[in-house]
2 protein chains.
Amino acid sequence: MANPMYRQIAEDLRAQIEGGDLEPGQQLRTEIELRDHYGASRNTIRDATKLLAAWGMVETRPGQGTFVVRKIEPYVTTLTGSPKVPILYGEVDDSAAGATGSERILYSTDPQVEIQKAGASVGKLLEIAEGSQVISRHQKRAIDGTPWSMQTSFYPMGFILKGADRLIQADDIAIGTMKYLEQTLGLKQVGYRDWITVRTADGTEASFFNLPPDGRVSVFEVFRTAYDQTGTPMRLTVTVYPTDRNEFIVNVGDVPDDGAGVVPA
Amino acid sequence: MANPMYRQIAEDLRAQIEGGDLEPGQQLRTEIELRDHYGASRNTIRDATKLLAAWGMVETRPGQGTFVVRKIEPYVTTLTGSPKVPILYGEVDDSAAGATGSERILYSTDPQVEIQKAGASVGKLLEIAEGSQVISRHQKRAIDGTPWSMQTSFYPMGFILKGADRLIQADDIAIGTMKYLEQTLGLKQVGYRDWITVRTADGTEASFFNLPPDGRVSVFEVFRTAYDQTGTPMRLTVTVYPTDRNEFIVNVGDVPDDGAGVVPA
DNA sequence: GGGTATTTGTCCGTATGTATT
DNA sequence: AAATACATACGGACAAATACC
């Protein structure tokens with residue numbers, strides 16, 4: 001057995017997909033048909049399609065069939081700079097997919113505000129004691145109806161006592177929380193540090209992002225620590241992005257403008 | 001069947017691992033023992049351990065058993081700034097693992113130089129015609145014996161004709177290729193753009209990085225386009241990093257020094 | 001080196017459950 | 001309700017990798 005049969009079958013199907021014989025969205029032959037075609041058992045065919053699914057090339061739908069995955073058009077976030085996509089607030093509604101032409105609109109839920117105790121990561125990055133209280137503001141975001149990111153911002157509890165009480169209200173701060181903190185507390189953001197990791201999605205994330213339950217699609221977890229003029233962390237924002245639909249850009253020094261076309265299609 | 005049995009078994013084992021009953025590196029009971037313990041068939045046990053493997057919690061070794069994975073201590077790369085780890089050149093040697101104390105030494109192979117035709121990505125990012133010739137310099141890197149990254153730099157073919165002929169020699173350019181290009185061609189790097197994506201590893205990558213063959217561990221693919229003083233791309237560097245042992249930092253504006261401790265352990 | 005025991009990997013056939021059309 | 005297609009679960013047989021004697 002140079003290569004096991006299920007792997008050979010998977011490679012054969014992969015070649016068909018990459019060669020264009022099977023187009024994105026198209027249905028593969030059923031397991032029974034493939035079993036007869038390759039002269040293998042149905043379980044072996046299933047091992048092959050499982051491998052293809054692990055490679056992210058097909059997805060299986062009970063009662064329907066096995067389909068070649070359509071690549072999701074990635075959304076590119078520039079970490080060095082301000083976001084340029086307009087943000088609309090309100091409920092994230094998955095059913096409103098395939099909306100208006102080619103414009104991409106970012107929807108965001110209203111913030112869900114909680115008082116929590118700082119875990120290890122939050123304490124370390126905000127430079128406060130683990131277990132001390134923090135304000136957390138959580139939002140879910142979608143682009144054109146596709147769930148895109150889950151974001152949680154953490155602020156030290158002291159900000160409330162010092163007068164920034166809008167932080168614990170569950171609505172959006174239209175002028176931006178950074179400007180609000182500057183007006184109320186005199187804290188000005190002078191820089192931030194992003195720490196980028198990748199891990200497997202947990203159950204909540206897999207559910208919100210409609211990820212396959214086999215743990216195949218992982219997520220970016222980006223920790224953004226914002227620093228004030230004294231070099232003290234004033235906010236920690238943790239954002240989770242599925243890796244199958246998100247990419248990042250970092251610009252350093254003097255580079256040509258971003259624009260359509262910096263990234264190959 | 002609220003939850004399928006193999007999933008319940010997987011959750012039970014997961015709880016044991018997260019609860020500390022099973023420690024990293026420790027061997028699980030054999031499939032036969034687990035079969036008797038849970039009153040399931042061996043195939044069902046195998047489905048459960050496959051799920052745990054997809055979650056990245058265990059790994060199976062033929063002829064040995066199933067083991068709780070040890071988390072690899074991640075190596076953090078700062079994208080905005082110069083690398084600080086000393087680079088030693090020579091052969092990457094997997095067998096020299098577990099070396100000298102806590103210092104981390106980055107080994108790099110000598111460059112493997114080829115003349116290639118630019119693919120779609122390379123052409124687009126270097127702003128040259130797809131199919132035109134480019135110089136590629138490929139290196140593999142390891143830290144403390146663990147394979148860490150695969151890097152390929154692409155330069156326009158014209159650089160050779162204009163006098164930068166050391167680019168096609170298969171040895172390291174000690175002063176750095178950027179300084180070399182400045183001395184020979186007068187091209188000075190004024191900035192760069194990093195484009196960060198995540199995808200599943202291909203066969204070559206899975207082999208070099210010792211990744212499990214099930215497609216679970218994905219890789220970062222970072223495209224760094226360097227621009228000269230005229231705003232023209234002068235180099236494209238594509239680096240592939242396994243996501244299970246690599247993290248990235250991006251600093252923007254005025255932030256406190258990097259150092260041990262910016263990242264939670 | 002060879003032989004054996006142990007453990008996971010591959011492959012088969014079958015039966016039944018669940019989701020979708 | 002019926003048909004279709006994938007999902008779960010079982011039991012068995014043999015292969016391949018590893019460790020140990």
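So you know, we letter chains A, B, ... as the sequences are listed, proteins then strands, and number each from 1. Since this is a predicted model, take the numbers as computed values, not measurements.
As a whole-Å value, the separation of B:I32 CD1 from C:dG9 P is 12 Å. Per the geometry, CZ belonging to B:R46 stands 18 Å off P belonging to D:dA7, to the nearest Å. Rounded to whole Å, atom C1' of C:dT7 lies 12 Å from atom CG of B:L34. We find that CD of B:E59 is positioned 15 Å from C1' of C:dT7, with the value rounded to whole Å. Between the C1' atom of D:dT8 and the CG atom of B:N3 lies a distance of 12 Å, rounded to the nearest Å. Atom CD in A:E33 sits roughly 13 Å away from atom C1' in D:dC6 (whole-Å rounding). Per the geometry, CZ belonging to B:R7 stands 8 Å off P belonging to D:dT8, to the nearest Å. In this structure, CD of A:Q64 is placed 14 Å from C1' of D:dA7, rounded to the nearest angstrom.
The distance from the CD atom of A:E59 to the CG atom of A:L28 is 11.0 Å, given to the nearest 0.5 Å.
Axis deviation across the helix from C:dG2-D:dC21 to C:dT21-D:dA2 amounts to 20°, comparing end segments of five pairs, rounded to 10 degrees.
Across all strands, B:T49 comes closer than 4.0 Å to no nucleic acid atom at all (heavy-atom distances). Backbone-only contact: B:R61 has heavy atoms under 4.0 Å from sugar-phosphate atoms and none from a base.
Under the 6.0 Å cut-off for aromatic ring centres, A:Y75 and A:Y241 do not qualify, their centroids lying 6.0 Å or more apart.
Using a 4.0 Å cut-off between a side-chain N of Lys or Arg and a carboxylate O of Asp or Glu, A:E33 and A:R35 do not qualify as a salt bridge. Remark: B:R199 engages B:E205 in a salt bridge, criterion side-chain N to carboxylate O under 4.0 Å.
Listed here is the closest heavy atom pair of B:R137 and B:Q169: NH1-O, 3.1 Å. A:V69 approaches A:G56 most closely through the heavy-atom pair CG2-O, 3.0 Å.
The side chain of B:Y6 lies closest to D:dT8, out of C:dG9, D:dC6, D:dT8.
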Atom pairs, protein N/O to nucleotides 12-16 of chain C N/O, distance under 3.5 Å:
| from | atom 1 | to | atom 2 | distance (Å) |
| --- | --- | --- | --- | --- |
| C:dC12 | OP2 | A:S41 | N | 2.8 |
| C:dC12 | OP2 | A:S41 | OG | 3.0 |
| C:dC12 | OP2 | A:T44 | OG1 | 2.3 |
| C:dG13 | O6 | A:N43 | ND2 | 2.7 |

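In terms of modelled atom types and a separation under 3.5 Å, the side chain of B:T197 and the main chain of B:E221 share a donor-acceptor contact.
For B:R224 and B:W195, the positive end is not near the middle of the six-membered ring at less than 6.0 Å and at most 45° from its axis. Cation-pi check for A:R141 over A:Y107 is not met; the charged atom does not lie both under 6.0 angstrom from the ring centroid and within 45 degrees of its normal.
Remark: A:T66 is in phosphate contact with D:dC6, judged by side-chain N or O atoms under 4.0 Å from OP1 or OP2.
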